[in-house]
Amino acid sequence: MIKRLIPAFIAITLFSCEQVETPQNEEQQATTTVKNHSYGNIDEISTNHLHLELNVDFENKALTGVARHTMDNKGADKAVFDIKKMNIEKVTLGKKGTETETTFTIGQYDSLLGAPLIVDLSSEDQFVNIYYSTQKDADALDWLPAELTGSKKYPFLYTQGQAILTRTWIPVQDTPENRFTYSADLKVPSELLALMSATNPTEKNETGEYSFEMKQPIPSYLLALAVGELDYRQLSDNSGVYAEPHLIDAAEAEFKDIPKMIDAAEGLYGEYLWDVYDVIILPYSFPFGGMENPRLTFLTPTLIAGDGSLVSTVAHELAHSWSGNLVTNASWNDFWLNEGFTVYFENRIMEEVYGEEIADMLAMIEFQELKRSVDDLMAEGREKDTYLKLDLHGRDPDDGMTDIAYVKGAFFLKTIEEKVGREKFDVFLNAYFKAHEFKTLTTEKFVEYINENLFEKENIEFNLNEWIYGEGIPSNVIQLNSDRFVVAQELAQEVKDGNKLPTDLKRSDKITQEWLAFIRAFDGELSKEQMIMVDEQLNFKNSGNSEIMSEWFVLGIKNDYKEIRPEIKAFLKKVGRRKFLEPLYTTLAKTEETLEWGKEVYKEARPYYHAVSFHTIDKILGVNH
Ligand code: BES
Ligand code: ZN
C-alpha cells in the first residue's frame, strides 16, 4: 500500500484551496471514521490538556502559532484531529524544547466537516504539537475592522465554536464527547485586551501578552476568544461585565442582577463550579443572543434594551454552567439535553429573581414560537426533526437548533415537574447534575437515569417515549396562562375591530413580552393604516428594542408597510443576530418585489454579519458568494 505522506508545503497548498479534493487511500479511509461530526479517534488517543501559543494578527486576519496537545494514548499509532480552513505548517512530537518533527497527512476535504489531520506517532507518544495558521475565511472567526466597532478606532475579533467551528481556529478532536483542560499564551496588539473562556485579565498591559488557564475540563466547542478595546466593571466578588467603552455604563446597568441570578441558580441546583461568572458584550455582528463560554458568557448588544427586559438570555447562559458545561450532550443528536434543560433552568432562575408572573409570560412567548416551529417543520416534511432525539448524521448540527430542542425540551421537563411535584423534581435534578458533572450524556443514558431515579422510584407513569421519540407536542403538555397576556390580546382585538388605542397608552406601560403577545395576536391581519396608527402612538419601529422591532418589521413586510423600509434597512445593517435576520429575510423572500429589495439591502449588510449568519441568509435569498 502506498503511504501518501504529503510534505508540509504541499499539504498547505492542497488544503488552502477548497476545490482540490485529495483522494483517500484505503488506509486513510480505515483510520478516519466520522463519529458525532468529528474525525477524532478519541477511543484510541484523546486530548487531556491543550496549550495554545498564538499570535493574533489583525493585518492578515490570521491566528498563527502552535496547539500543544497532551494526550492520553491508549496504544495508537496515529492521532486524528479535525481541521478546516487552516494551514498546517508542521507537526512535532515531544515536550516543548525537545520536539522532533513527524509526518502527517490531510484527508479529503468535506465542506461541512473539514478534513482529518492524521499525525503519525507511536504508542509511547503523548505530546503532539501542531504548528498552524488560520485562513481568512475561517468560519469561527469574526475579524471586525475598526469601522464596524463602537469606537470605530480599533478592530475586534471574537470566535464562535459551537457546534463544529472550533476546528476552523484550533486543530482539535472537535467532538463534545471528549473533555480537556486548557491554557494559552497569546500576543495581541498592545492597544487591545484579550479574553478567553478561562481565567481573564481585567485590564490591559503594555506588552499585549496575556496568559490564560481553564482548570476544569471542557468540550472543544467551549473554547473561546475575544480581542478588542474593552473595559471591565465588577458586579460582585465573582462576577462582572466587559464591553467596549461606549457600552460599558449601559451594560453595567442592564445586567446588574447577575449576582442575584447566580445566587438563585446555586440555590436551585448546587454550587457554581467555574469560580467566576463574567459576561462580555460583543459587537452587533455576534450571531447569537448569547453563548455559554465558561467563565465568560458572550452576549449580543441587542439585549441592552434599557429596561432590563431581555435579561432572561443571561439567565439562560448562566444556567448552561450546569446544563451543557457541567453535563454535556454527548453528540449533537442529544442537543436537547443541553438546551431543553437550560431553557427550563433559565425559567426557574427568572421565577426566583422576578416572580412567577414574569416567568410564565416568558415561557408562554416561547411556547407560541414552539407551536409555529412545529407547524413549519411538519409542513416542510421534517417530522423527525420534531423529536427531541435527533438524527443529524451527515447533516449540519445547526439543523438541530430549533425550538424543539429548546422549548419542547423545556416543556417536557415542566410537564414532568407538574406531574411529580416541584419538590421531588428538584431533588431529582440536583442529583442528576451531581451524578454527571464534568461528564457527557446521551439521551438513552438520560432515559435510563430518569426511569430509575424518578419514575420507578416514585411509581409514576409518564409518556417519556412519546416526548423523546415522537412527533410534535404531546397532549399532556402543561398549560400556562397569563392575565396580562389576555389584556394585551384584548387590546389587539380592539385595534382589529377598527378602534383607536386608548390615548394615554404608552410603550412603557407594558413589558417586551406583553407587546410581543399584542403583536402576535394580530396573526398577520393588520392593515398598513393600522400599523401606522400604532407606530404613531407606540413607536415600535424605532423602539430600540430588538425583539419588538424584528417582530414588527416582519408584520410590516407582510402588510406592505413600505414607509418603515428605512428602519428595516438600518436594523439589517446593524444587527447580525441570526434569530432576527432569519425571519426578516425569509419574509422578504416571499414576493418578487420584496425579494429584490431584500437582496439589495443584503448586499450592503452582509459584510456586517458573522459566517454563521451569512451562510444561513445566503441560502434563504438564494445568493452565491
Ligand atoms: N449555546 C447556544 C447557542 C448555540 C447553539 C450556538 C448551537 C451554536 C450552536 C446558546 O446558549 C443559546 O441557546 N442562545 C440563544 C439564547 C436564548 C435561547 C435565550 C440565542 O442565541 O438565541
Ligand atoms: Zn443555550
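Nothing fancy with the numbering, it's 1 onward along the sequence. Both counts, for ligands and for their atoms, begin at 1 and track the order of listing.
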Ring centre gap for Phe433 and Tyr269 strictly below 6.0 Å: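 Yes, close enough.
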Tyr272 ring center near Trp322 ring center (under 6.0 Å):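 Close enough - the centres of the two rings lie under 6.0 Å apart.
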Ionic contact status for Arg606 with Asp618, cut-off 4.0 Å: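 Salt bridge flag = yes for Arg606 with Asp618.
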Test side chain to side chain donor-acceptor pair (under 3.5 Å) applied to Ser285 - qualifying residues, sequence neighbours left out: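 Counting only residues at least two positions away or on another chain, Ser285 forms a side chain to side chain donor-acceptor pair (under 3.5 Å) with Asp142, Tyr158.
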Test item: Gln160 side-chain N/O and Ala140 main-chain N/O as donor-acceptor pair under 3.5 Å: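 Judged by distance alone, no pair lies under 3.5 Å.
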Donor-acceptor contact below 3.5 Å, side chain Arg179 vs main chain Pro217: yes
Residue Glu339, metal the Zn ion (ligand 2), N/O/S under 2.8 Å: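 Under 2.8 Å: Glu339 contacts the Zn ion (ligand 2) through an N, O or S atom.
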For the Zn ion (ligand 2): the N/O/S atom of His320 at shortest distance: NE2
Measure and list all N/O to N/O distances between ligand 1 and the protein that fall under 3.5 angstrom.
from	atom 1	to	atom 2	distance (Å)
ligand 1	1 (N)	Gln162	OE1	2.7
ligand 1	1 (N)	Glu292	OE1	2.6
ligand 1	1 (N)	Glu292	OE2	3.2
ligand 1	1 (N)	Glu339	OE2	3.1
ligand 1	11 (O)	Glu292	OE1	2.9
ligand 1	11 (O)	His316	NE2	3.2
ligand 1	11 (O)	Glu317	OE1	2.8
ligand 1	11 (O)	Glu317	OE2	3.2
ligand 1	11 (O)	His320	NE2	2.9
ligand 1	13 (O)	His316	NE2	3.1
ligand 1	13 (O)	Glu339	OE1	3.3
ligand 1	13 (O)	Tyr406	OH	2.7
ligand 1	14 (N)	Gly290	O	3.2
ligand 1	14 (N)	Glu317	OE2	3.4
ligand 1	21 (O)	Gly289	N	2.6
ligand 1	21 (O)	Gly290	N	3.4

Residue pair Tyr221 / Asn338, side-chain donor-acceptor N/O under 3.5 Å: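 The criterion, which ignores hydrogens and geometry beyond distance, is satisfied for Asn338 and Tyr221.
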